[in-house]
Every structure is written in C-alpha cells, then in structure tokens.
Amino acid sequence: MKFNPQNFERNLFFENPHTDTSLLIHDTIQFTTHYPEVLTRIHEDQLAHGLTKKKQRLEDVAFNRKQQAKNEVFLPGIPDLFCKNDENILQEDDLVLQQGRDRVPPLVVFILLILRGFYGSITNRTAVDRIGESCTLQIVLSHFGYRCPKRSSISENLNCIREETLDFILKCQLQHAYNFHLDDFNESTIDSTSCYADMAFPTDTRLVSVSACNLWSILEALGDQKFIEFAPGACAKKWVRKVRNKSLAISMTSCKSDTLFRKRVEELADAASKLVGKLEPYVCQLNERVKNEEYGKLLAPAWRAFVKLTEIADRNYTATCHSIGQMVARVLKKRKLKAYEKYLGPADPDAQMIVKGDRKPVIGYHPQLARSREGLVTCVQLNPDMLNDSSSLIPTLKQSIDNTGIIPRTLSTDDGYTSADNLAMAKQIGVKDISFSGAKGKRLYDDEEWNSLIMCELRNSRSAVESLMFTLKHNHEFDRMKRTGLQAVRAEMIEKVLAYNFRRIRTLRIRRAISMKNQASGENGASPPTTAASANVA
C-alpha cells in the first residue's frame with residue numbers, strides 16, 4: 001500500500017481538535033505555569049513512593065537471604081556474620097534513589113490525573129483505548145518530548161499521589177479562580193448526595209453463600225499447596241454443596257413470605273453454621289501463623305501472598321458469621337434491622353447503607369459538597385462518623401473556608417441541616433445570613449426575617465446546587481465509585497471535582513470575556529454582539 005508524504009505536511013490526522021479533552025489538557029498545562037508547586041508536590045510523592053518500593057525490595061533481599069540460610073551449611077560463626085550484614089543493608093544504603101529508568105514526568109502525571117477525573121477511569125479497557133487513540137494527548141506529549149506511559153505505569157503513578165496533594169491542588173485551583181476575579185466566594189451552598197460503592201446490593205442469603213464458598217475455596221487451595229493440612233472431612237463437603245443448593249433454591253422461590261421460603265432459609269442457616277464450625281480452626285491456625293511470623297520456607301513474595309490470602313479468609317469468615325446471624329434475625333425471628341445494624345459484606349468495608357426519606361436505599365457513601373455562587377466546588381467532605389446532614393454542616397463549612405481563605409457572607413442549605421446549634425455556630429464563625437429551607441428552618445426565624453428579601457433570594461438560589469449534583473453524576477460519573485476504601489474513594493471524588501472545576505473555570509472565563517466585550521461595545525456606542533457572534537466567541 002502506497003502513502004502520500006504530503007498528507008503529513010497537511011496535518012491530515014495530526015491537527016489538534018477543538019474538543020473537551022483538548023481544552024481540559026490546555027487548561028491543566030496553563031494552570032501549572034501559575035502554580036508550579038503542584039508539580040513539585042507530585043514529584044515529591046513519586047520520590048516517596050519510589051523510596052517505599054526500594055525499602056521493600058531491600059527488606060525482601062534480607063528476608064530471602066535469611067530464609068535461604070536456613071537450608072545451607074556454614075562453618076562456625078559464619079551464619080551470625082551473614083545475618084549482621086543483612087541487618088546493615090538499610091543503614092548502608094540510606095534509602096537514596098539511584099539513577100534508573102526515567103520516571104514519568106510530573107506534568108504527564110498531572111494531566112492523566114485530571115483526565116481520570118474527567119473520564120471516571122483511566123485504566124479500564126475503554127479508557128486505555130481512548131488514551132491510546134487520543135491524538136490530542138499524543139500531540140501535547142510529543143510537544144514536550146514525552147510519550148504516553150503504559151497502563152501499569154499510569155495506575156502506579158496516579159495512585160501514589162497523596163490525599164494532602166489533592167487537597168493542595170484544590171486550594172490552588174480555587175485561588176486561581178479568585179485571582180482571575182471569577183468568583184469572590186462570598187456565597188456558599190452546602191448539600192449532600194449519595195454515591196454507589198463498587199459493590200452489588202447485598203442480600204443475606206447471597207452473602208452467606210458467597211462468603212462461605214469463598215472461604216472454602218481459599219482453604220482448599222492452601223491445603224492443595226501444602227501450606228496447611230486441610231482435611232475437614234466428607235461432612236464439610238456435603239455442607240458446602242448444601243449451602244450452594246439452598247442459596248440457589250431461595251433465589252428461585254417465588255413468594256418470600258411463605259412457609260417454604262422460611263424452611264429453606266432455616267436449612268441454609270443450619271448448613272452454613274455447621275460448615276463455619278468446621279472451618280473455624282483452620283482460620284485460627286492461619287491467623288496464628290501470621291501473628292507469630294512462622295515463615296517456614298516461604299520467600300518474601302510468597303509470604304506476602306500468604307498473608308493476603310489469610311486476610312481474605314478472615315474477612316470471609318467474619319462475613320459468613322455476620323450474615324448468618326443477620327439472616328436468622330430478619331427472616332426467622334422477624335426483627336426489622338436498622339441501617340447501622342446491617343452487615344454489607346467484605347467487598348468494601350467502608351461502604352454504608354444510606355437511607356434518605358422514602359428514596360431507594362443506597363449502598364455507598366454520603367459526601368458533603370460546598371458550592372460557590374458561580375458553581376465551583378469548594379469542599380468535598382467524606383466522614384463516615386457523620387451519618388446525618390445536621391452534624392456535617394459546620395465541619396463542611398470550616399473546610400470550605402480553609403480551602404478558599406474567605407468566610408462567606410451568606411450560607412444556604414436545605415431542611416436536613418436545620419438546628420439552632422448550627423445557626424449559632426455559623427454566626428459565630430462569621431457568616432452573616434444563613435438560610436435553612438423547609439418547615440424546620442422556618443421555626444428558627446421570626447416572620448419578618450423569614451420573609452426578608454435576602455432570605456427569599458437564598459431559598460430560591462439553593463436549588464442551584466442540584467444542577468451541580470446532576471452535572472457531577474452524569475458528566476463525571478460521580479454517582480458510582482470505581483475504587484474501594486474510604487481513602488481511595490475520597491481521592492476519586494476530589495479528582496472528579498478537580499476536572500469539573502477546570503471546566504467550570506473555562507466557562508466562567510468565556511462568560512467574562514463576552515461580558516467585557518459587550519461593555520466595551522456599549523461604551524463605544526456600537527450595538528452589542530448578536531447571539532450567533534457570542535456563540536462564535538465561546
């Protein structure tokens with residue numbers, strides 16, 4: 001197949017398109033010119049991650065040498081000298097990174113971090129294809145003399161960024177908007193939302209079946225590899241089959257309240273309890289071995305895998321026990337469990353059941369967001385100890401003030417945040433006008449203050465935060481998390497907020513440019529530009 005060299009001169013395929021991705025990358029690079037300390041923070045996180053990995057490698061070398069020395073024969077006194085040399089490895093090297101493979105540049109890491117917040121993920125199959133086929137990203141990286149890292153390098157470098165660095169980037173971003181006079185942060189609106197965790201909605205019977213079968217599979221695999229002597233007997237195998245069959249039968253039962261359903265649940269609970277009783281000694285044996293550091297002949301990688309399997313086995317054992325008790329209490333004893341009493345499984349231990357009014361319960365997280373008047377997110381608060389909105393208002397307000405450096409004059413929230421203590425504490429912080437929408441909020445004010453112009457405007461403007469929630473969920477996949485664990489989920493939320501704020505800042509700058517152009521045209525006596533002309537400027 002022949003090709004025409006003139007195609008390259010015409011930039012047929014290498015012209016930078018005018019897309020959301022292109023604009024976002026451009027804004028990200030421009031932001032680093034104003035705040036180069038962001039790249040310094042990212043570079044420090046990379047170095048800290050590299051030092052951590054090097055320390056682990058050196059510890060593995062020393063550990064493996066000690067393990068290998070157990071099977072070797074030495075002259076008298078040599079084994080002691082051998083062990084002393086291993087203990088001094090970390091002190092002699094002093095954990096200094098030497099010259100190795102080129103590290104991913106901090107600018108590339110920052111660009112990919114914002115793109116992960118924009119795309120929702122950057123390492124799944126769709127995102128990898130999108131990154132690989134993005135001519136915008138290839139043009140930008142080639143301009144700086146970089147190339148796009150591989151999937152494993154992207155994931156490792158993005159995950160090494162600390163939560164403190166993400167908070168610092170958010171503060172710089174808000175300072176960036178303030179310096180360009182895009183927002184004065186004198187008005188704030190606080191609201192909460194619910195986000196699904198990266199797990200399926202749990203049911204008692206399925207949790208019992210899956211956890212018990214997973215525990216059996218792990219112990220059986222460790223027994224096959226001779227790590228433990230796994231011989232539970234023929235009865236245990238019969239109970240495993242019964243647990244699987246009864247769980248399947250329960251899922252196919254048409255009516256969940258009749259006698260047949262209760263009978264099958266009782267049989268499942270009986271079989272699972274007997275199985276757990278048989279497997280409990282093996283779980284205790286594994287935990288004791290890890291606690292006493294009984295390495296045997298295992299080298300460092302195998303020992304870490306063994307420890308990880310032990311933790312998974314312990315979590316599944318705990319999940320099976322909790323699920324059996326929960327199933328018996330709910331179905332057989334007919335006791336209605338409260339949300340905080342329910343065990344949700346080992347998939348994401350930090351996820352909670354969120355029940356808001358008559359809405360459908362959500363298994364996930366309950367973040368608090370603060371929105372400025374111009375639509376910028378000034379705070380992301382995720383604290384599992386604050387289960388209701390009322391207890392989250394003041395911490396969210398304080399965090400928003402810390403991020404912006406400005407105490408807002410007005411604060412608007414919905415009825416869920418209403419309390420006399422919150423009103424008094426917000427006044428004490430320095431907020432002048434505070435609005436709690438709803439019947440409970442109305443009882444905190446007299447008629448004159450409730451019907452005042454400023455309070456009416458605050459109640460009317462509170463609904464703007466709902467558009468923020470909609471945009472985050474439908475444009476940045478804020479409605480479902482792709483990571484598990486409280487720390488990882490909060491980092492994911494901040495990344496999505498950073499991507500949203502960059503796009504919002506661009507929109508505000510375009511509006512400001514059009515407004516200034518209209519003012520200049522009006523001062524010169526000319527007519528303001530038409531709608532079509534304004535659209536071309538945007």
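Side chains are part of it too, since the values below use all heavy atoms of this structure and drop only hydrogens, waters and symmetry mates.
Side chain of T165 to backbone of I161: no donor-acceptor contact under 3.5 angstrom is found. Between the side chain of T396 and the backbone N or O of Q381, no donor-acceptor pair lies under 3.5 Å. At distances below 3.5 Å, not a single donor-acceptor pair connects side-chain atoms of E266 with backbone N or O atoms of L332. Remark: side-chain polar atoms of R264 are not paired, donor with acceptor, to backbone N or O of K246 under 3.5 angstrom. A donor-acceptor pair under 3.5 Å is absent between the side-chain atoms of N383 and the main chain of S392, judged by distance alone. With hydrogens and angles disregarded, a donor-acceptor distance shorter than 3.5 Å links the side chain of Q173 to the backbone of L498. Not one N or O on the side chain of S142 forms a donor-acceptor pair closer than 3.5 Å with the backbone of G145.
Under the side-chain contact (heavy atoms from CB on, under 4.5 Å) test applied with D348, the options T484, I363, L486 reduce to a single match, T484.
In terms of the salt bridge (charged side-chain N to carboxylate O under 4.0 Å, His left out) criterion, residue partners of R125 (sequence neighbours excluded) are, by chain and number, D129. Among residues two or more places apart in sequence or in another chain, the ring-ring contact (aromatic ring centres under 6.0 Å, His included) test is passed with Y295 by F63, W303. Remark: W216 pairs with F230 by the ring-ring contact (aromatic ring centres under 6.0 Å, His included) rule, at least two apart or across chains. For D191, the salt bridge (charged side-chain N to carboxylate O under 4.0 Å, His left out) test picks out R462, with sequence neighbours left out. With sequence neighbours excluded, the residues that form a ring-ring contact (aromatic ring centres under 6.0 Å, His included) with F502 are F31. Evaluation of the salt bridge (charged side-chain N to carboxylate O under 4.0 Å, His left out) rule for K482 yields E477 as partners, not counting sequence neighbours. Partners of F118 according to the ring-ring contact (aromatic ring centres under 6.0 Å, His included) rule, which considers only residues two or more places apart in sequence or in another chain, are H476. D20 pairs by the salt bridge (charged side-chain N to carboxylate O under 4.0 Å, His left out) definition with R503, not counting sequence neighbours.
The 12-atom threshold is not exceeded at CZ of R147, counting heavy atoms of other residues, nucleotides or ligands nearer than 6.0 Å. Atom CD of E164 sits in a crowded spot, with more than 12 heavy atoms from other residues, nucleotides or ligands closer than 6.0 Å. When the shell of 6.0 Å around NE2 of H26 is examined, it contains 12 or fewer heavy atoms from other residues, nucleotides or ligands.
Atom NZ of residue K496 and atom CE of residue M493 lie 9.0 Å apart, to the nearest 0.5 angstrom. The line from CZ of R103 to CG of L47 is 5.5 Å long, rounded to the nearest 0.5 Å. Between the OH atom of Y119 and the CG atom of L112 there is a distance of 10.0 Å, given to the nearest 0.5 Å. The OG1 atom of T28 lies 9.0 Å from the CG atom of L107; values are rounded to the nearest 0.5 Å. Rounding to the nearest 0.5 Å places CG of L170 at 6.5 Å from CG of N501. To the nearest 0.5 Å, the span separating OG on S247 from CD on E267 amounts to 13.0 Å.
Applying the side chain to side chain donor-acceptor pair (under 3.5 Å) rule to pairs touching residues 152-163 yields D45-R162, Q46-N157, H49-E156, K53-E156, R116-N159, S155-N159, E163-R490, sequence neighbours excluded. Residue pairs meeting the ring pair (Phe, Tyr, Trp, His ring centres under 6.0 Å) criterion with at least one member in residues 126-174, sequence neighbours excluded, do not occur. Listed by first then second residue, pairs satisfying side chain to side chain donor-acceptor pair (under 3.5 Å) with a partner in residues 195-215 read D204-Q326, D204-R330, not counting sequence neighbours. Sequence neighbours left out, the pairs with a member in residues 305-315 that pass side chain to side chain donor-acceptor pair (under 3.5 Å) are N287-D314.
Between P384 and Q352, the shortest heavy-atom distance links the atoms O-NE2, 3.3 Å. The minimum heavy-atom distance linking G120 with E492 is given by the pair O-OE2, 4.2 Å. Nearest heavy-atom pair across F110 and L39 is CB-CD2, 4.2 Å. Minimum interatomic distance between P149 and V104 (heavy atoms only, all atoms of both residues): CG-CG1, 3.9 Å.
If you check the side chains of Q368 and D389, you find a donor sitting under 3.5 Å from an acceptor. Under 3.5 Å, the side chains of Y343 and T318 contain no donor-acceptor pair of N or O atoms. Defined by atom type and a distance below 3.5 Å, a donor-acceptor pair is missing between the side-chain atoms of S194 and H366. Using a 3.5 Å distance cut-off with no hydrogens or angles, the side chains of T378 and S400 do pair a donor with an acceptor. A donor-acceptor contact closer than 3.5 angstrom links the side chains of Y317 and E280. Defined by atom type and a distance below 3.5 Å, a donor-acceptor pair is present between the side-chain atoms of N403 and Q399. A donor-acceptor pair shorter than 3.5 Å can be found between the side chains of S391 and N388.
Taking the charged nitrogens against the carboxylate oxygens, D402 and K398 have no contact shorter than 4.0 Å, which rules out a salt bridge.
D27 is listed as a side-chain neighbour of Q30, based on a closest heavy-atom distance under 4.5 Å.
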